[in-house]
Amino acid sequence: MSGQAMALLIVSIVLVWGGLVASIVVLARRPENDHMPAGGEDTRVPDEDDRMPRDL
Amino acid sequence: MADQPAAAPHTHEKREHWSGQTAFILAAIGSAVGLGNIWRFPGQAYEHGGGAFMIPYLVALITAGVPILFLENAIGHRFRGSAPLAMKRVHRNAEGVGWLHVAICFVIGLYYTAIIAWALSYFFFSFNLSFADDPAGFFTADYLELGESGTVSLSFVPQVLIPLVAVWAIVIVILALGIHRGIERLNIIGIPVLVATFLVIVVRALFLAGAADGIEALFTPDFAALKDPQVWIAAYGQIFFSLSLAYGIMITYASYRRRRSNITGPGLVVAFGNSSFELLAGIGVFAALGFLAHEQGTTVAGLDNLAGPFLSFVTFPAVIAEMPGGQLFGALFFASLVLAGLTSLVSVLQVISAALQEKFDLHPRGGAVAVGVVSAVLSILGFGTTTGLYLLDTVDQWSNQLGIVAGAITMIAAALWFGRRGHELERHLAAVSTMRPGKYWIWLVNAVAVLLIYMFAEKTVSLASEGYGGYPSWYLNVFGWGTAAFLLAVALLMPLLRWRRDIVHFHAWPSRAQLALPDEVGERHSEDYDPKGES
């Protein structure tokens with residue numbers, strides 16, 4: 001394989017797969033924002049009836 | 001710390017939810033990773049500068065893929081609805097944009113299922129290598145029993161019809177089980193299995209004779225190609241179509257996230273996850289093509305059918321026929337196609353199901369059956385016959401190449417230009433996420449819209465003036481432009497119907513006050529906003 005092709009292959013792998021690994025590591029270290037505004041709690045939907053009610 | 005504005009009133013919202021962040025990420029990757037990653041990306045890269053294509057590709061990922069992915073996630077998460085409902089909440093006249101997305105999904109679902117059915121058949125054909133003697137003749141004559149181009153036939157092909165019905169039955173059951181028990185479980189199991197299977201395929205392909213020549217053909221850079229605007233448009237197009245952007249999927253999927261959820265961090269994982277699989281597929285496909293060229297005493301450039309369905313159903317069977325242990329390799333490859341296709345198909349159909357559930361107040365099972373039965377009948381009529389391949393080729397051009405670009409332009413126009421929601425959505429992302437998108441995000445989205453308008457105009461002019469695929473004009477008028485007319489009709493007519501579910505009592509969270517924005521959209525506001533409330 002030529003040097004140029006090998007270089008492009010390696011750079012592509014480092015940037016794309018490296019980007020995936022980096023984004024996963026960053027997310028794992030800080031999965032949620034600790035400073036969200038107040039409110040925003042959701043109501044859990046029971047598994048046996050996941051129908052959305054009329055007051056969406 | 002400054003006083004925190006009051007929280008939005010409690011909305012009593014009860015909405016289906018993903019069980020967690022990982023489940024959402026896997027489902028979104030499952031949607032993005034589809035057949036196009038396997039058969040479109042390698043061909044696009046090879047034709048547009050080889051290794052040099054990776055430069056515009058990565059630029060497009062950062063400047064277009066991620067920004068539009070954030071936009072769709074922000075719309076779905078903030079306005080918490082299917083594409084029509086979320087877009088109606090973005091701007092009171094934008095419901096039609098959401099229905100355009102739904103119509104595109106409806107059309108794509110019809111033929112995408114047919115391709116998965118072909119892959120399912122080929123999974124079984126791999127065990128006895130039925131296609132080995134003449135892969136091209138087997139696919140078109142023996143399997144599809146292909147009729148005359150530019151005609152319409154109602155002569156059904158049993159070996160296509162049976163797997164097609166099976167695939168529809170499977171996806172209807174998955175949709176009917178709902179978000180948590182159906183789509184989420186499919187992806188939690190399916191995506192790790194897909195990645196593991198494809199890793200096995202790629203590692204096997206790398207040890208075939210000629211594999212290095214194939215990879216060299218893919219990555220040898222032609223830097224002169226970077227001066228060609230068409231190469232850059234191809235890169236932006238690849239990112240755009242590959243990430244499942246702008247036909248309502250990410251809006252719908254994000255609407256099932258809990259309100260207090262990180263949006264941008266998982267978005268980056270999805271974007272890079274999709275490209276990572278694409279790169280893996282490119283390496284595997286071209287290693288296998290290098291082996292085929294080696295066996296046939298030619299070069300990769302001397303091979304035919306390096307992209308699209310013919311790559312998967314003609315060229316790859318030729319590889320499988322030539323290689324030692326081809327049965328297992330073939331079964332794994334076509335199982336991968338089925339899995340990649342299924343995880344994307346359920347996301348496409350969920351866009352329609354969610355919209356029907358909310359518009360007509362249906363249970364998820366009712367929505368799934370309504371979508372599934374109507375789609376299955378039309379899909380069987382159109383693609384279970386001897387002329388299905390031609391119809392697929394034509395409808396794909398208008399719905400995928402034209403419709404999705406229109407879906408993106410209208411979405412951006414509704415959200416940013418007419419709805420004037422740019423700052424609200426940017427601050428929403430900043431308020432709930434670990435990473436703030438920044439002010440350049442809105443600029444990038446606007447710039448992408450300009451590029452998309454150019455792409456839309458160029459494609460429209462090309463289809464109108466040159467036709468497509470050598471099909472007769474009556475055929476293109478009925479099935480090509482007819483598809484476009486159908487998309488437009490759905491977008492214009494569906495908003496006229498009444499919402500059966502109460503959609504009025506809705507409060508976005510965080511409230512506009514919490515985002516330091518005036519109550520009325522469009523009023524002047526401070527440019528300063530600190531999501532930690534320390535300004």
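Each chain gets a letter, A, B and so on, in the order the sequences are listed, and its residues count up from 1. Quick caveat: nothing in here was measured; it's all calculated off a predicted structure.
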Does [Y] offer a backbone N or O that forms a donor-acceptor pair with the side chain of [X] under 3.5 Å?
X: Asn33(A); Y: Ala431(B); answer: yes
X: Arg260(B); Y: Pro37(A); answer: yes
X: Glu216(B); Y: Ala5(A); answer: no
X: Arg30(A); Y: Met435(B); answer: no

Go through the atoms of [X] and report whether side chain, backbone, both or neither lie under 4.5 Å from a heavy atom of chain A.
X: Leu58(B); answer: side chain
X: Ala430(B); answer: backbone
X: Ser433(B); answer: backbone
X: Phe53(B); answer: neither
X: Ile25(B); answer: side chain

Side-chain contact test, heavy atoms from C-beta onward, threshold under 4.5 Å: evaluate it for [X] versus [Y] and give yes or no.
X: Ile283(B); Y: Leu9(A); result: yes
X: Trp17(A); Y: Leu280(B); result: yes
X: Met36(A); Y: Trp509(B); result: yes

Heavy atoms only, distances under 4.5 angstrom: which of Ala7(A), Ala22(A), Ser12(A), Gly18(A) has the most pairs with chain B? Name it, please.
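The answer is Ser12(A).
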Interatomic spacing from [atom1] in [X] to [atom2] in [Y] - rounded to 0.5 Å:
X: Met1(A); Y: Thr220(B); atom1: CE; atom2: OG1; answer: 8.0 Å
X: Asp42(A); Y: Glu16(B); atom1: CG; atom2: CD; answer: 13.0 Å
X: Asp34(A); Y: Thr434(B); atom1: CG; atom2: OG1; answer: 9.5 Å
X: Ile10(A); Y: Phe219(B); atom1: CD1; atom2: CZ; answer: 10.5 Å

Name the option with the most non-hydrogen atom pairs under 4.5 Å to chain A; the candidates are Gly265(B), Ala52(B), Ser276(B).
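Top option by heavy-atom pairs under 4.5 Å: Ser276(B).
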Would you mind telling me which of Leu61(B), Ile215(B), Leu268(B), Asn262(B) has the largest number of heavy-atom pairs within less than 4.5 Å of chain A?
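Ranked by heavy-atom pairs under 4.5 Å with chain A, first place is Asn262(B).
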Side chain to side chain contact (heavy atoms under 4.5 Å, CB included), that's the test. Do Val16(A) and Glu278(B) meet it? Break it down for me.
CA-CA 10 Å; Val16(A) 177; Glu278(B) 206 154 68; over 6 Å; no
Heavy-atom distances under 4.5 Å only: say whether Leu27(A) touches chain B with side chain, backbone, both or neither.
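Looking at Leu27(A), just its side chain touches chain B.
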Exercise: identify the closest heavy-atom pair between Pro221(B) and Leu8(A):
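The answer is CG-CD2, 3.8 Å.
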